[in-house]
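Working notes for the structure below.
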Amino acid sequence: MSKRTIKDLLKKPEIVGIGNQVTVQGWVRTKRGNNTIAFIALNDGSIVHNIQIVAELSQFDENVIKKVTTGASLRVTGKLVESQGKGQAVEIQASEIVVLGSADPELYPLQKKGHSMEYLREIAHLRPRTNYFGCVLRLRHAMSYAIHTYFHNHGYFYMHTPIITASDAEGAGAMFTVTTMDLNNVPKNANGEVDYTQDFFGKHTCLTVSGQLEGELGALALGKIYTFGPTFRAENSNTPRHLAEFWMIEPEVAFFDIVDNMDMAEDFIKFLVRFALENNMDDLQFLNDMFDKELIERLHFVVDNKFVRLTYTEAIDILIKSGRKFEYKVEWGVDLHAEHERYLVENHFKKPVILTDYPKEIKAFYMKLNEDGKTVRAMDVLFPKIGEIIGGSERESDYEKLLQRIRDLHIPEKDVWWYLETRKFGTVPHAGFGLGFERLMLFVTGMQNIRDVIPFPRTPQNAEF
RNA sequence: UCCUCCUUAGCUCAGUUGGUUAGAGCACCUGACUGUUAAUCAGGGGGUCCUAGGUUCAAGUCCUAGAGGGGGAGCCA
């Protein structure tokens with residue numbers, strides 16, 4: 001008697017063989033039938049599809065069948081047979097059904113009909129049992145695996161950068177303080193300020209907003225590294241594209257310039273999307289059929305087409321010449337707003353766009369200054385609907401120029417002395433970028449809201465489950 | 001944080017210019033049906049109309065405040 005996943009039975013029935021006994025375990029999605037026969041759709045999470053369990057009611061205790069309701073967990077043993085009905089190739093002719101756990105149909109929050117995304121978020125503890133979220137979780141796994149696979153195959157090393165950090169040098173955003181101090185009785189110094197010398201680390205510490213600066217330290221030793229870990233932003237952002245806790249992938253490569261960086265970013269994203277198309281077609285097909293009729297087409301489009309590359313200056317030119325009335329005025333020097341990026345990606349080019357060489361004033365201190373003295377070698381990868389999916393740059397590798405930028409921006413040198421030393425000792429050109437994992441998931445799943453592609457979303461005023 | 005929309009049965013939603021007992025589909029319960037495909041058919045139960053005030057003879061409906069949620073914007077990945 002072999003226990004098998006439903007995926008094995010549906011995809012490789014020859015493993016068991018038609019006519020042979022098999023045991024499956026899972027959760028009931030629906031039960032239909034009449035007073036002589038019942039059809040139970042059983043799902044075990046191994047695949048989006050259910051296996052049909054056929055039960056001749058004369059062979060079963062009425063009280064057992066009565067407990068077979070949507071949400072109940074079962075162990076079913078029976079014969080794997082070719083289905084007499086349409087809609088599935090094989091099914092199980094049940095000889096034994098054990099209800100492992102019942103689910104009171106009056107109380108079970110999930111029904112066989114569709115629910116709204118908003119409602120499912122409120123029951124995130126049961127949301128993994130829905131078809132759609134099963135697809136999301138399987139795809140999250142597939143993309144995580146693909147990320148490690150891509151980097152491993154290209155000679156990168158996975159580096160673990162700290163979650164708790166004392167530096168906010170990047171200025172990437174508001175941070176969450178990490179402390180063990182008694183908040184009802186915070187120690188103060190002579191100036192009346194919080195005395196962090198009495199805190200656990202003896203200084204003010206926060207959750208990381210980026211592993212990049214530490215990642216650079218690794219790249220300037222191992223050549224190619226990447227990080228893939230949780231990242232935290234304390235901004236009061238309430239949008240379908242932001243989370244307070246998310247996962248970020250940050251490759252960093254020595255001897256890479258901005259063009260190498262763009263080539264790698266494009267190749268990397270295309271690899272990931274291709275991986276999903278090749279390994280998770282059942283999940284993608286379900287999401288395509290139920291939520292987003294153009295999903296698969298869009299994924300193919302990204303894999304098959306070169307990303308458009310242009311400079312910030314060229315983009316500004318296109319925006320001005322478009323004659324469009326934008327809410328935010330377009331002129332050289334301003335940061336591009338969502339409406340501008342959307343115009344470029346969705347209206348003008350109609351494909352992913354990589355923008356480079358932004359004015360130094362609107363970008364971070366560590367980006368390499370161009371010869372013009374006005375722009376830096378930044379690159380943003382812009383995707384339809386999602387906007388910025390990747391942000392990166394070639395880094396400033398010249399000690400004097402970097403020091404000057406640090407002083408211009410009034411960044412305390414005592415906080416970044418270690419970062420500066422990488423440019424003092426054996427500096428090399430290098431580049432890297434950050435990819436928001438959940439933004440990638442938005443693109444790959446076609447979901448509309450970032451809260452629907454992470455198991456337990458953390459957003460302002462919400463840390464349930 | 002700003003703008004805007006929404007909140008009515010377990011779920012999704014309708015509810016007209018304010019008017020008698022607030023509806024539908026699905027779910028649930030009962031029954032019918034020998035292979036169903038979100039099964040079908042018949043019947044039944046199920047409501048703090050988000051909360052608190054207010055206007056009115058009369059409020060699900062109008063006004064004020066609050067709570068929760070969606071969308072857009074900003075910040076960014």
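Values reported hereafter were calculated over all heavy atoms of this structure, with side chains retained and with hydrogens, waters and symmetry mates removed. Order of the sequence lines fixes the chain letters, A, B, ..., with proteins taken first and strands second; residue numbering starts at 1 for each chain. Only a predicted model underlies this, so the values are computations on that prediction, with no experimental measurement involved.
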Report task. Determine whether D282(A) and F286(A) make a side-chain contact, defined as any pair of heavy atoms from C-beta on separated by less than 4.5 Å. Result -> no
Query - Side-chain donor/acceptor of Q84(A) to base of rG35(B), under 3.5 Å - result: yes
Query raised in the report: Is there a residue in residues 32-43 of chain A whose heavy atoms reach under 4.0 Å of RNA chain B, and which residues are they?
Result: R32(A), G33(A), N34(A), N35(A), T36(A), I37(A), F39(A)
**Report entry** Quiz item: S237(A) side-chain donor-acceptor pair to rC75(B) base, under 3.5 Å
**Finding:** yes
Query - Spacing of K86(A) atom NZ relative to rU36(B) atom C1', expressed in whole Å - result: 13 Å
Report summary line: Smallest heavy-atom separation, E252(A) atom then H430(A) atom, equals OE2-CD2, 3.3 Å
Query raised in the report: Are K363(A) and Y312(A) in a cation-pi setup, meaning NZ or CZ lies under 6.0 angstrom from the ring centre and within 45 degrees of the ring axis?
Result: no
Query raised in the report: Should we count CD of E339(A) as having more than 12 external heavy atoms under 6.0 Å?
Result: yes
Requested in this report: Establish whether the base of rG10(B) is bridged to the side chain of Q111(A) by a donor-acceptor pair shorter than 3.5 Å.
Outcome: yes
Report summary line: In numerical order, the residues of residues 443-458 of chain A whose heavy atoms come under 4.0 Å of RNA chain B are N449(A), R451(A)
Requested in this report: Identify whether NZ of Lys or CZ of Arg in R127(A) sits under 6.0 Å from the centre of the six-membered ring of F133(A) and within 45° of that ring's axis.
Outcome: yes
Query - Duplex segments of RNA chain B, taken as runs of at least three Watson-Crick or G-U pairs that stay under 3.5 Å - result: B:1-7 with B:67-73, B:10-13 with B:23-26, B:28-32 with B:40-44, B:50-54 with B:62-66
Requested in this report: State, to 0.1 Å, how close F349(A) and V353(A) come at their nearest heavy-atom pair, and which atoms those are.
Outcome: CD1-CG2, 3.7 Å
Query - Whole-Å P distance, rC6(B) and rA65(B) - result: 16 Å
Query raised in the report: Does F246(A) stack onto the base of rA77(B), taking stacking as ring centres under 5.5 Å apart and planes under 30° apart?
Result: yes
